[in-house]
> 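My questions all concern the structure below.
Just so we're on the same page: letters track the sequence lines, and every chain starts at 1. Note that this is a predicted model, so its numbers are computed, not measured. The analysis underlying the following values was restricted to heavy atoms, covering all of them including side chains, and did not include hydrogens, waters or symmetry mates.
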There are 2 protein chains.
Amino acid sequence: MNEPQPLFRALADPTRRDILLMLRGTDMTIAQVAENFDMTRAAVKKHLTVLSDGGLITVRAQGRERYNTLNPNAFAPIRDWLSFFDTFWDARLDDLKSAIEKDAQ
Amino acid sequence: MNEPQPLFRALADPTRRDILLMLRGTDMTIAQVAENFDMTRAAVKKHLTVLSDGGLITVRAQGRERYNTLNPNAFAPIRDWLSFFDTFWDARLDDLKSAIEKDAQ
DNA sequence: TTAATATGATACCATTTGGTATCTCGTCAA
DNA sequence: TTGACGAGATACCAAATGGTATCATATTAA
């Protein structure tokens, strides 16, 4: 069913959203990500795990280092979910249009 | 400023996302929303408060009832945030294009 | 080989979160 | 006027969450 819950959950924390922005340009190891925050490496690692569970990043091992990479298809499920509301907005606009037309008569 | 945190937080709970889907077609009172869930009205009310804090719904009083309405501009901040990654994807595609061209030489 | 380094894993803690129960306050109707 | 009804508010509880400290493991380098 491709549950979007882990994705929405992952995006709910500001630190995790900052990590994602940070990973736009370059892949980073856990230590590199942790340098940018005022918290322990262990805490950052937890955030990275949540991001991975949400399908937002993938991890590539290279020797003793783990490079975290932003997933190109990361936000597709969110966009899909948001699209459930598109027809609604259209209907609202139609209602408005009808009301205006009726008003003009 | 326009902090997106309350919005992301509001969307992180599956019950709240279901409420939003439910409100697409019609405005509903707290009791009406609560009918659709296996939890107390008080719990539903809490969810509605979080949704309101996130700017996702507005509440209109009518007598002793409160009608909850989906906010038309609800998802704009999320779309804005997601757009921060658009240039990144473009750059990735450019990289890919360059690599292919170099490969073709 | 041995020490330093990058990460994994786990136990633990305080706070937040999602939920119930309960009481109070307006508003509507008999 | 007097209940009944819809909603607000608060106290309380269990579980999830974000964080630290600490120890173990694997890899690199001297």
> I want to check one thing: is the phosphate of D:dG19, taken as OP1 and OP2, less than 4.0 Å away from some side-chain N or O of A:Thr40?
no
> NA contact type, A:Ala43, heavy-atom cut-off 4.0 Å: base, sugar-phosphate, or nothing?
base
> B:Met39 has an atom CE; how far is it from atom P of D:dC13, in whole Å?
21 Å
> In whole Å, I'd like the distance from the CD1 atom of B:Ile30 to the P atom of C:dG19.
15 Å
> Taking only the side-chain heavy atoms of B:Arg16 (C-beta and beyond), determine which of D:dG18, C:dG18, D:dA7 contains the nearest atom.
C:dG18
> Looking only at the side chain of A:Glu65 (C-beta and beyond, no hydrogens), which of the listed nucleotides C:dA6, D:dT20, C:dG19 gets closest?
C:dA6
> Hey, what's the ring geometry for B:Phe75 with A:Trp81, parallel, tilted or perpendicular (30° and 60° as the breaks)?
perpendicular
> Would you kindly give the CZ-to-P distance between A:Arg9 and D:dA16, to the nearest whole Å?
11 Å
> Relative to the 5' end of DNA chain C, which residue comes earlier, A:Gln32 or B:Thr15, by the nucleotide with the nearest heavy atom?
A:Gln32
> DNA chain D: B:Arg66 or A:Asp38, which has the more 5' nearest nucleotide?
B:Arg66
> Output the rounded distance in Å from CZ (B:Phe37) to P (C:dT20).
12 Å
> Between A:Gln32 (side chain) and A:Thr29 (backbone), is there a donor-acceptor pair under 3.5 Å?
yes
> Nearest whole Å is fine: how far is D:dT10 C1' from B:Arg41 CZ?
13 Å
> Measure the distance from CD on A:Glu35 to C1' on C:dA6 and round it to the nearest whole Å.
12 Å
> Just checking, any donor-acceptor pair under 3.5 angstrom between side chains of A:Thr69 and A:Asp27?
yes
> Please report, rounded to the nearest Å, how far the C1' atom of C:dT17 is from the CG atom of A:Asp13.
14 Å
> Under 3.5 Å, is there an N or O donor on one side and an acceptor on the other linking the side chain of A:Arg64 and the base of C:dT7?
no
> Run the side chain to side chain contact (heavy atoms under 4.5 Å, CB included) check on A:Leu51 and A:Ile19 step by step: do they pass?
CA-CA 9 Å; A:Leu51 287 171; A:Ile19 292 176; 3.7 Å; yes
> Short question: side chain of B:Arg66, backbone of B:Arg60 - any donor-acceptor pair under 3.5 Å?
no
> Using whole Å, report how far CG of A:Asp53 lies from P of D:dA16.
15 Å
> Is a donor-acceptor contact shorter than 3.5 angstrom present between the side chain of B:Lys46 and the base of C:dG19?
yes
> Among D:dG19, D:dA21, C:dG18, find the nucleotide with the atom closest to the side chain of A:Ala42.
D:dA21
